[in-house]
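Below is one structure, written out as structure tokens; comments come after it.
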Amino acid sequence: MQLLLGQTIRFAADPFKVPVTDSATHERRGAVALNGGKIADIGSVDDLRMKYPQAEVTDYGDALISPGFVDAHAHYPQTAIIASWGKRLIDWLNSYTFPEESRFGDPAHAAGVAETYFDLVTASGTTTTVSYCTIHPESVDAYFTAAAKRGLRVLGGKTCMDRNAPDTLQDTPQSAYDDSKALLNRWHGQDRLSYVITPRFAPTSTPEQLEALGTLWAENPDVLMQTHISEQHEEIAWVADLFPDAKDYLDVYERFGLVGPGALLGHAIHLTDRERDRIREVDASLIHCPTSNMFIGSGLFDMHGLMEQRHRIGLATDTGGGSSFSMLRTMAAAYEVAQLRGHPLHPAQLWWLATKGSARALRLDDKIGTLEPGTEADITVIDLASTHAIAQRAVRAEDIWQTIFPTIMMGDDRAIKAVWTNGALLRS
Ligand code: GUN
Ligand code: ZN
């Protein structure tokens with residue numbers, strides 16, 4: 001039994017549904033008990049010390065004990081090309097992304113980047129990632145191997161593409177189906193790893209490939225499916241050209257059985273009313289990637305309107321279209337985008353999105369993204385005064401959310417004091 005002492009916040013309700021001040025309880029001298037990889041208990045220091053006198057105690061002082069961050073959409077193979085200058089989506093893919101992704105057939109390259117990727121994300125306090133790999137099965141093996149070594153709960157899949165990409169980066173409808181199926185059987189449910197069926201996006205898959213992946217999903221309805229939708233206007237126009245019979249972008253996926261409750265739809269910035277209503281109806285998840293949407297110049301996600309409609313929304317870096325590995329920086333960008341749309345997000349909403357909200361989008365909120373007893377012990381301990389700039393602002397705070405907000409806006413990996421995964425200390 002481990003006892004971690006620090007400040008704790010516990011969400012009792014969704015801060016987009018109830019007044020934010022009613023959504024969470026804060027314990028100034030809190031404690032979380034870990035046992036056998038799970039959260040065993042949460043309460044005050046005094047209560048838990050009394051209850052578990054034999055526990056090994058780590059006192060984090062004024063630091064915040066938080067669920068580890070959940071990054072609901074990333075491309076680990078783009079680690080080495082993050083922050084590449086000057087292109088919009090399609091040019092950015094062709095100029096930077098595809099040449100780098102072409103290298104992942106080499107298992108040594110894939111393994112090296114996967115190691116770097118997980119070192120960087122865990123240094124930023126992220127304990128769950130959902131990644132696109134490349135078309136190469138080797139890239140999936142490298143991703144899951146590096147995650148399992150660290151005891152992480154991660155999700156990912158082979159990116160499928162059979163057109164509009166370099167020859168070296170194309171599979172076929174049959175090989176996409178066969179390779180995805182083999183990888184799913186190899187990895188799904190091993191340790192804490194989950195396979196995700198991954199057609200990159202409509203422009204890089206033929207109808208035959210989308211159909212094959214729709215079939216695979218129908219055969220494995222318990223796995224998630226991830227893709228991109230309505231990120232940039234040029235992309236949307238291209239999809240309309242490629243699929244002239246489809247009603248809209250979403251309809252392309254729907255025709256091939258790729259819209260359902262387990263769909264993770266990345267970006268979703270320029271959705272039509274019909275698409276929004278239909279996504280809500282099937283209760284698919286939308287994944288907001290704010291640093292990416294600004295970096296590639298894609299647009300301003302309508303968090304307020306979509307939350308009013310009760311959409312299921314996760315938050316993500318979209319590394320390396322996104323310009324950071326950090327969910328703190330991602331929360332800051334989500335705040336700024338929401339400001340530009342006239343509806344500021346409360347720190348409680350931002351923190352919820354980066355933990356429980358993303359977990360809920362992945363349909364894993366019974367396992368991760370929370371400090372509730374019985375869930376998995378993935379914990380990030382945050383120093384709320386990690387730099388001079390943050391500390392001098394935080395001392396003026398009048399409540400816990402005002403204390404946290406400077407770290408959201410100005411924090412980086414220096415704020416991450418410790419990371420626990422599956423009940424074990426991963427880094428400190
Ligand atoms: N759309 C299709 N592929 C990608 C990608 O790798 N990154 C982003 N941001 N959008 C995409
Ligand atoms: Zn993406």
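Counting starts at 1 for both ligands and their atoms, in listed order.
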If you count the atoms of ligand 1 from 1 in the order shown, which ones are under 4.0 Å from a heavy atom of H75?
5 (C), 6 (O), 7 (N)

Check ligand 1 against F201 and write out every atom of the ligand that is under 4.0 Å from a heavy-atom position of the residue.
1 (N), 2 (C)

Is it true that [Y] and [X] share a donor-acceptor pair across their side chains at a distance under 3.5 Å?
X	Y	result
W352	S23	no
E100	H109	yes
E235	Y249	yes

Looking only at heavy atoms, is any part of L89 under 4.0 Å from ligand 1, and if so is it the side chain, the backbone, or both, or is it neither?
side chain

Can you report which non-hydrogen protein atom sits closest to [atom], along with the distance?
atom	answer
atom 3 (N) of ligand 1	R200 NE, 2.8 Å
atom 9 (N) of ligand 1	D318 OD2, 2.7 Å
atom 7 (N) of ligand 1	W92 CZ3, 3.5 Å
atom 10 (N) of ligand 1	E231 OE1, 2.7 Å

Tell me whether H267 has at least one N, O or S atom under 2.8 Å from the Zn ion (ligand 2).
no

Is there an N/O/S atom in C289 that lies less than 2.8 Å from the Zn ion (ligand 2)?
no

Check all N, O or S atoms of D318 and name the one closest to the Zn ion (ligand 2).
OD1

Taking the six-membered ring for Trp, are H267 and H73 parallel (under 30°), tilted (30 to 60°) or perpendicular (over 60°)?
perpendicular

Closest non-hydrogen atom pair, L425 against A418:
CD1-CB, 4.2 Å

Closest non-hydrogen contact found for L371 with I9 is CD1-O, 3.7 Å

Return yes when E235 approaches ligand 1 closer than 4.0 angstrom through a heavy atom, no otherwise.
no

Just one of R10, K356, K38 clears the salt bridge (charged side-chain N to carboxylate O under 4.0 Å, His left out) bar with E372, so which one?
R10

Check: I135 main-chain N/O paired with K158 side-chain donor or acceptor under 3.5 Å
yes

For the atoms NE2 of H75 and NE2 of H228, give the angle they form at the Zn ion (ligand 2), rounded to 10 degrees.
100°

Please step through side-chain hydrogen bond (donor to acceptor under 3.5 Å, both in side chains) for the pair Q309 and D277, ending with a clear verdict.
CA-CA 8 Å; Q309 248 186 307; D277 292 348; 2.9 Å; yes

Tell me whether E101 has any N or O atom under 3.5 angstrom from an N or O of ligand 1.
no

